[in-house]
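Within every chain, numbering begins at 1; the chains are lettered A, B, ... in the order of the sequence lines, protein sequences first and strands thereafter.
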Amino acid sequence: MAKLYTFGRSGVLPEERKELTENKKIEKLEAKDFVFISINQHIGAPAKSVVKEGDKVLKNQIVASGEGGVTSVVHSPVSGEVVQIKSMVFPGEIKNDVVVIKNDFKYEKVSGTEEKRDFKKDKERFINEVKNGGIIGMGGAGFPTYVKMTPPKDKIIDLFIVNAAECEPYLTNDYRVMVEFGNEFLSGISLILDNLEIPKAIVGIEENKEEAFEKLQKVNSDKRIEFKLLKTKYPQGAEKQLIYALTKRVVPIRKLPFEVGVIVQNVSTVKAIYDLITFNKPLTERVLTCSGKGINEPKNILAPVGVTVSQIADFCGGIKDECKYLINGGPMMGKPFTDINLPITKTTSGLLFLTDEEVNIEEENPCIRCGRCLAVCPMGLNPTYLKEASDRREYEKMDDVLDCIECGSCSFICPASRDLARSIVKGKQKYTKYLKRGK
Amino acid sequence: MKENIVQVIKLFLVAVVSAFLLSYVHSITKEPIEKAKNAEITEAIKSVIPNISDQMIIKDTFLVSDVESIPLKAYIIQNNDSTVYAYSVLSYTKKGYGGTITMMIGVDKEFKITGIYPLEFSETPGLGTKMTKNKFKDQFLSKSLSNFKFKVDKDGGDIQAITSATITSRAVGECIERGLKVLEYNFKIGETDSSKTVEVKDE
Amino acid sequence: MNNVFKKLFNGIWTNNPVLVLLLGFCPTLAVSTTVNNAVGMAFAATFVLVSSNIVISSIRKFVPNKMRIPVFIIVIATFVTIVDLVLYGYLPKLHKSLGVFIPLIVVNCIVLGRAEAFASKNNVFDSFLDGLGMGLGFLLTIVVLATIREVIGNGTFFGKNLFGLSYSPAIVAILPPGAFLTIGLLLGGMNFINIKNKEREKMRKKLEKESLKTQKEVK
Amino acid sequence: MLKLLIIAIDSMLISNIVLMRFLGICPYIGVSKKQETAAGMGFAVIFVMVMATLISYLLQIYVLNPLKLEYLQTIVFIFVIAALVQIVEITMKKIAPTLFDALGIYLPLITTNCTILGVAILNIQKNYNLIETIVFSLSTGIGYFIAIYLFAGIREKLDWADVPEPFKGPAIGIITAGLMSLAFFGFTGLVKM
Amino acid sequence: MQENRFVIKNAPFLRGKEDIKSIMWTVVVALLPATLWSIYLYRYRALTVILSCIIFTELFEMIFLKVRGVKNVFEKAYDGSAFITGLLLALNLPSTSPWWMCAVGSFVAMLFGKHIYGGLGNNPFNPALVARVFLLLSFPSIMTRWTVGINLTSQTFATPLGMLKTQGLSSVSNLDYLKLFFGFPIEGVGGGSIGEISEFAILIGGILLILRRIIPFIVPLLYISTVFVFTWIFNLIDPIKYASPFFHMVTGGLFLGAFFMATDMVTMPITKKGKIVFAFGCGLITSLIRLFGAYPEGVSFAILIMEALSPTIEKFTKNKKFGE
Ligand SMILES: Cc1cc2nc3c(=O)[nH]c(=O)nc-3n(C[C@H](O)[C@H](O)[C@H](O)COP(=O)(O)O)c2cc1C
Ligand SMILES: Cc1cc2nc3c(=O)[nH]c(=O)nc-3n(C[C@H](O)[C@H](O)[C@H](O)COP(=O)(O)O)c2cc1C
Ligand SMILES: Cc1cc2nc3c(=O)[nH]c(=O)nc-3n(C[C@H](O)[C@H](O)[C@H](O)COP(=O)(O)O)c2cc1C
Ligand SMILES: Cc1cc2nc3c(=O)[nH]c(=O)nc-3n(C[C@H](O)[C@H](O)[C@H](O)CO)c2cc1C
Ligand code: SF4
Ligand code: SF4
Ligand code: SF4
Ligand code: SF4
Ligand code: FES
């Protein structure tokens with residue numbers, strides 16, 4: 001058996017529950033009458049819409065773009081007419097403007113897009129394409145990819161890591177992409193290595209996706225790409241933990257991966273870059289997993305960004321009566337929401353429809369100081385302490401909240417069912433505000 | 001400056017008044033205090049030696065214990081015709097459960113115990129402190145070095161140990177034995193050399 | 001007369017030096033092993049408190065502000081020494097069991113605290129009352145504490161056996177932990193009563209307001 | 001030498017000044033909300049206690065006893081302590097300003113802290129010689145430090161505990177002191193005085 | 001279409017299976033071997049002590065929960081934590097304890113040990129140990145009345161540690177360590193507290209807890225080995241005066257304390273390094289008390305003293321953050 005890489009003794013082992021969708025082929029979903037394009041799908045400086053009500057738009061036309069260092073553009077997945085620009089509340093209580101486009105079903109494209117093209121190795125142009133193609137991290141965070149690709153001059157990137165851990169339970173979208181689009185995925189890696197002049201890539205895949213691991217290794221011909229099998233453990237896919245697991249390099253506290261010469265990208269991001277560079281196809285659709293016992297037919301879906309949750313639910317055979325929870329993302333880090341008229345975004349890796357049987361969150365009890373949360377925290381924090389400090393706004397004791405990666409391992413393990421991660425995440429917001437106020 | 005001087009003078013005045021007051025009180029209480037200082041010892045002696053009358057004289061003296069060469073204080077109780085009525089000794093042991101135990105031991109002219117009185121000790125309340133109870137103390141009455149083995153029953157002696165306070169009982173035995181030995185050594189006629197007496201003070 | 005009782009009550013209950021002002025814990029805890037000692041200590045402290053309050057308030061105008069504290073200390077220490085000498089001379093047993101806590105009345109925060117906070121600003125009679133009230137408050141607390149400790153820890157009250165021989169007292173009550181735990185409970189009880197009183201007060205005010213309102217409305 | 005060790009262990013742990021001898025309870029309760037302040041108070045007490053005990057010892061031996069003025073002990077000692085604290089404050093400010101910054105605020109509190117006077121008097125009662133006096137006062141001070149520092153640690157933790165309303169603050173503090181005292185009984189007899 | 005059929009709860013939506021109840025009742029199960037063995041040895045005496053401690057503890061638990069205004073008192077009272085406290089208190093008492101002493105102990109455990117601090121998880125000291133030491137200081141003669149197992153006379157004897165302390169090493173030199181370890185009664189030797197008789201039975205329960213990852217193995221291991229090393233050092237220095245380390249292993253409450261009481265997570269430092277310091281400190285103080293102290297046994301005191309140190313230790317043994 002191959003060596004299994006992992007990041008130390010912390011972390012947790014939730015039930016995987018991937019069997020619901022892991023053998024389901026990716027099915028393509030077409031947009032219906034309306035699509036809803038959120039103009040802020042990334043993190044960083046907000047974008048502004050560049051269209052008005054009544055404007056005609058083509059498929060792949062830019063509808064929103066931002067200025068400043070860290071931002072991104074958004075394209076339309078259909079052609080049609082802008083009927084409204086309205087504000088919507090997304091999971092996590094984030095308010096965003098949404099461009100509502102009436103689909104004319106003609107799919108008129110912006111000229112030159114979605115046509116195969118020859119791309120000569122050119123670092124600057126490559127990064128520019130990535131920027132204009134609206135590529136952002138599809139692993140969850142939505143960090144604009146071109147920014148990752150332009151580290152400070154004095155940092156030399158010598159390793160590209162593909163995050164294929166997919167450690168969240170239920171989710172199988174990355175796995176399906178690797179199985180069904182293996183060649184495209186690998187070419188994507190090669191393209192990135194060529195253009196960014198990186199000598200080596202490692203693809204880290206969790207043990208529970210061994211099939212993808214074997215298959216990719218077989219078809220791969222690029223010597224620069226290495227595959228490593230990771231232990232199935234949450235949060236194996238968290239950036240710093242993944243880097244450590246694969247390379248034993250430790251990203252210093254509050255620093256980014258380029259500090260240790262690494263860029264990390266998610267599988268779907270790599271695939272999106274491949275599509276963009278070889279076919280001039282901006283990011284307007286993504287593969288996501290729709291799963292849980294609360295939906296009739298769990299599926300992996302290739303869906304245009306902007307279709308509504310209710311459309312996806314219908315596509316999957318409808319929501320069952322016993323469905324109680326609706327989650328955007330995986331069950332460990334995903335956000336709960338109630339509004340099925342919300343659209344999916346570039347970062348929606350999963351939509352979960354869960355029942356009471358699957359979710360066992362009990363009432364909060366007092367901490368019995370068992371220390372389990374400390375033991376599992378991949379960042380080495382003291383979650384119970386941070387929760388108390390956060391809840392009480394004792395700012396001078398809260399500094400560590402900034403290091404929390406919000407993985408939820410602490411809440412998962414806590415025998416007293418304490419919502420540690422939630423309090424700490426809130427504490428992070430409070431503390432950030434407090435720091436700003438201080439300055 | 002002037003203000004300062006006035007202040008200091010005022011403080012001084014208060015101090016003077018206080019000093020006068022105190023020396024006055026001191027002069028009144030001087031005598032009772034001197035008496036009180038000895039009261040404890042006198043009381044202890046009275047409680048270990050029966051029927052002391054006011055005419056009797058209590059002489060105290062330091063005796064060298066032959067065990068550890070720490071001087072013990074002994075008291076000779078004389079009738080008013082200067083004949084010996086009884087002896088008592090302030091003995092100690094360091095082997096108590098809570099450290100040192102000091103006790104007054106009274107004997108008659110035949111060196112038989114007439115009473116014991118624990119003065120200072122830090123035994124456990126409820127266990128070791130049972131040594132102050134008559135039930136325990138009375139077993140020593142009219143015992144002497146020749147007719148009693150001052151060891152607890154467990155160690156083959158004659159002392160009925162207090163239940164669960166063997167250590168205390170053992171220590172009490174040692175303490176009494178030391179006191180008796182010193183007394184006999186110093187005062188038993190024929191065996192003693194009175195030059196051993198270090199210091200004699202009259203009451 | 002009413003005023004006098006109010007002043008005394010202030011020291012005994014409302015501003016009880018130990019349980020409310022949190023002063024003078026050390027003698028309270030240390031000498032409350034028996035009710036006898038407790039009463040002795042309380043009287044000694046009350047004597048010092050009352051006499052120093054009287055003296056200090058009568059010389060308060062004479063004493064320059066800067067020299068205030070040293071003068072107070074001399075006055076208090078004088079009375080403490082008097083108590084010390086008198087007890088030694090006439091009640092040697094009590095003197096022995098109170099031990100170092102008699103001279104420590106000098107630094108007992110109750111005495112110095114009252115001299116500074118009250119007697120240096122008020123007339124002789126009020127200062128006398130204040131000293132007496134505080135002294136009684138101290139007496140009450142220490143006697144209650146000592147009663148609990150002596151009864152539980154020794155099965156006696158004022159040295160008299162209460163329960164007969166088959167009772168085995170919980171000795172810990174007269175050991176140091178017992179002192180801390182008991183006064184902790186007393187403190188908690190005092191707080192509890194005060195909290196309840198405050199709540200009741202609030203309720204009453206609310207009700208009064210409401211009834212006023214309704215009266216007005218009726219009119 | 002052995003006697004010095006015995007004095008040290010006894011006065012630090014077994015007859016701990018706060019938990020067993022009941023001296024200095026008020027500052028123990030009052031200045032123990034944070035561990036840093038408790039440490040500051042602890043150091044200040046150690047410092048003043050050694051100085052004060054030493055000076056009052058010398059006064060007793062060389063002034064009060066020869067003049068037969070023992071009955072002025074209380075009044076003399078308290079004045080010495082008050083003056084000493086003043087002098088320490090002034091000289092420390094000049095000579096060691098950093099130390100003053102750390103301990104300065106605690107010094108005035110100490111004048112009226114009964115540990116200092118108490119230990120000075122106890123020291124005379126125990127008939128210690130000069131070296132024993134130093135060891136006794138130093139280790140008693142350290143005992144004070146240990147007690148207040150550990151106690152402050154527990155109290156900081158109790159800030160977040162769900163203590164019933166009437167017991168919040170000093171009440172739970174003093175009960176905790178009781179339980180610490182209970183625990184410290186384990187040291188009984190480690191050395192015998 | 002019903003809009004609000006979805007419930008908002010916070011991520012993570014999956015939670016571990018273990019909860020307070022399952023942890024606590026596992027500890028109870030782990031205590032069963034020692035409990036059953038003691039009931040076999042001391043028959044109805046052990047049974048009455050155990051039952052009265054548990055019943056009174058649960059009773060006071062419910063009363064204080066009610067007084068504190070906690071909702072669903074019944075459910076909270078049976079989360080197992082009070083049950084453990086009651087059981088451990090019983091296991092720490094002599095088999096001859098009268099029922100009213102069990103009641104006093106339970107009261108102290110629940111009031112001063114637990115609820116005055118706000119109940120489960122808030123207490124700085126181990127409730128069962130607080131109660132035991134309280135009783136030891138209060139009723140020293142009852143608390144030192146040890147009988148020999150099986151033989152149900154009321155004749156009392158000193159425990160091996162008591163014999164060592166009061167009669168010296170020679171009195172215990174020919175005891176059979178293996179018998180002591182398995183907890184078989186020895187004529188003329190007091191068995192000790194109900195639960196501490198058989199180190200073997202405790203070890204079985206302890207290993208169960210370690211395997212179930214409820215207690216960190218390092219704490220009992222380090223605790224016991226520290227005692228071993230210290231007593232060994234003194235045994236090497238003066239074998240006439242100090243007993244062999246093996247003697248110290250098989251006597252007294254060392255195993256019970258190390259596996260079940262020092263490991264009370266509520267009162268132990270929460271950090272891993274802190275637990276190591278804690279266990280070492282417990283071992284050190286236990287050895288000191290056993291070798292030099294007035295009490296024959298030092299486990300309860302040692303654990304309580306280290307619990308007083310626990311918050312301070314915690315402060316000085318922070319975890320290293322990843323990347324720091
Ligand atoms: C707890 C946690 C778990 C994560 N797990 C994964 C994962 O399994 N796969 C993944 O691609 N990204 C995961 N991420 C996101 C990565 O940290 C990182 O942002 C991402 O791999 C970067 O790739 P992207 O920019 O292409 O999204 C995780 C993040 C966190 C905080
Ligand atoms: C809390 C406690 C206090 C004790 N106090 C005393 C005491 O004051 N005197 C004493 O001799 N033994 C004391 N002991 C020691 C034991 O009672 C010891 O077993 C006893 O001295 C041995 O006597 P035994 O052989 O009659 O059982 C104490 C023990 C404990 C646990
Ligand atoms: C809660 C409770 C606490 C008690 N505490 C004591 C006690 O501390 N000491 C005691 O001797 N009896 C105590 N008793 C009384 C005993 O039940 C018993 O009546 C008494 O000890 C008589 O003992 P005997 O049977 O040895 O004569 C207590 C009773 C109860 C219900
Ligand atoms: C491993 C473990 C050990 C425990 N040990 C004790 C103990 O020694 N004493 C006790 O009163 N409770 C013990 N408990 C129960 C519980 O933690 C205790 O009641 C809390 O201290 C009350 O807040 C233990 C629980 C666990 C899980
Ligand atoms: S979002 Fe979840 S599943 Fe996706 S990569 Fe991160 S941890 Fe893994
Ligand atoms: S504290 Fe943050 S990083 Fe640590 S386990 Fe909890 S959520 Fe994850
Ligand atoms: S896991 Fe829960 S109970 Fe355990 S220490 Fe953390 S918060 Fe407390
Ligand atoms: S002066 Fe000292 S003893 Fe008095 S209240 Fe202040 S801290 Fe307490
Ligand atoms: S410190 Fe307040 S009386 Fe001692």
Side-chain angles (χ1 to χ4, degrees), chain C residues 18-32 69-70 73-85 88 99-113 116 172 175-196, chain D residues 15-30 70-79 81-83 86 108 110-125 163-185:
Chain C
V18 184
L19 295 181
V20 178
L21 301 182
L22 306 176
L23 300 176
F25 270 115
C26 314
T28 310
L29 297 181
V31 304
S32 55
I69 300 289
I73 291 182
I74 293 183
V75 172
I76 296 168
T78 307
F79 286 112
V80 169
T81 309
I82 293 175
V83 169
D84 197 11
L85 293 175
Y88 201 173
V100 74
F101 288 94
I102 301 176
L104 285 183
I105 297 176
V106 177
V107 276
N108 186 319
C109 339
I110 305 179
V111 181
L112 200 61
E116 167 78 356
V172 75
L175 299 178
F180 284 113
L181 296 179
T182 317
I183 193 125
L185 289 184
L186 287 184
L187 266 178
M190 188 84 179
N191 289 343
F192 180 75
I193 295 174
N194 284 341
I195 291 172
K196 276 273 128 83
Chain D
S15 313
N16 184 284
I17 181 154
V18 185
L19 300 175
M20 297 292 169
R21 283 217 192 103
F22 297 121
L23 290 175
I25 312 269
C26 311
Y28 180 72
I29 301 288
E70 291 96 337
Y71 65 93
L72 289 182
Q73 192 191 49
T74 312
I75 210 164
V76 170
F77 280 16
I78 184 71
F79 254 90
I81 291 170
Q86 289 284 319
I110 286 176
T111 319
T112 53
N113 177 332
C114 53
T115 49
I116 307 291
L117 183 61
V119 170
I121 296 175
L122 277 177
N123 178 58
I124 304 296
Q125 285 180 359
V163 176
E165 197 58 40
F167 286 95
K168 286 219 166 89
I172 196 70
I174 209 155
I175 283 172
T176 307
L179 298 185
M180 278 177 75
S181 161
L182 209 61
F184 268 54
F185 257 85

Using heavy-atom distances under 4.5 Å, tell me whether [X] contacts chain D through its side chain, its backbone, both, or neither.
X: C/Leu19; result: neither
X: C/Ile76; result: neither
X: C/Thr28; result: neither
X: C/Leu85; result: side chain
X: C/Ile195; result: side chain

Quiz item: Between C/Ala77, C/Gly189, C/Pro176, which shows the greatest number of heavy-atom pairs under 4.5 Å with chain D?
Solution: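 The candidate making the most pairs under 4.5 Å is C/Pro176.
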
So, for [X] and [Y], which heavy atoms are closest and what is the spacing to 0.1 Å?
X: D/Gly118; Y: C/Val100; answer: O-CG2, 4.0 Å
X: C/Gly24; Y: D/Cys26; answer: N-SG, 3.7 Å
X: C/Gly184; Y: D/Ala171; answer: O-CB, 3.9 Å
X: C/Phe180; Y: D/Leu19; answer: CE1-O, 3.7 Å
X: D/Pro166; Y: C/Asn191; answer: O-ND2, 2.8 Å
X: D/Gly178; Y: C/Pro177; answer: O-CB, 3.6 Å

To the nearest 0.5 Å, tell me how far [X] [atom1] sits from [Y] [atom2].
X: C/Ile102; Y: D/Thr74; atom1: CD1; atom2: OG1; result: 9.5 Å
X: C/Phe192; Y: D/Phe167; atom1: CZ; atom2: CZ; result: 9.5 Å
X: D/Ile25; Y: C/Cys26; atom1: CD1; atom2: SG; result: 5.0 Å
X: D/Leu23; Y: C/Phe25; atom1: CG; atom2: CZ; result: 14.5 Å
X: C/Ile105; Y: D/Cys114; atom1: CD1; atom2: SG; result: 11.5 Å

Quiz item: Side chain, backbone, both or neither: which part of D/Phe185 has a non-hydrogen atom closer than 4.5 Å to chain C?
Solution: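 For D/Phe185, the side chain is the part near chain C, not the backbone.
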
Quiz item: Who are the ring-ring contact (aromatic ring centres under 6.0 Å, His included) partners of D/Phe184, not counting sequence neighbours?
Solution: D/Phe187

Quiz item: Under 6.0 Å between ring centres, would you say that holds for D/Tyr71 and C/Tyr88?
Solution: no

In the structure I gave you, are the side-chain heavy atoms of [X] and [Y] within less than 4.5 Å of one another anywhere?
X: C/Ile183; Y: D/Ile175; value: no
X: D/Phe22; Y: C/Val31; value: no
X: D/Ile174; Y: C/Leu187; value: yes
X: C/Val172; Y: D/Leu182; value: yes

Exercise. Assess whether side-chain contact (heavy atoms from CB on, under 4.5 Å) is satisfied between D/Ile29 and C/Leu22, documenting all intermediate values.
Key: CA-CA 9 Å; D/Ile29 301 288; C/Leu22 306 176; 5.5 Å; no

Practice problem: Would you please test D/Phe77 and C/Val106 for side-chain contact (heavy atoms from CB on, under 4.5 Å) and show each step? | Solution: CA-CA 10 Å; D/Phe77 280 16; C/Val106 177; over 6 Å; no

Exercise. Apply side-chain contact (heavy atoms from CB on, under 4.5 Å) to C/Leu181 and D/Leu179, showing your working.
Key: CA-CA 8 Å; C/Leu181 296 179; D/Leu179 298 185; 4.0 Å; yes

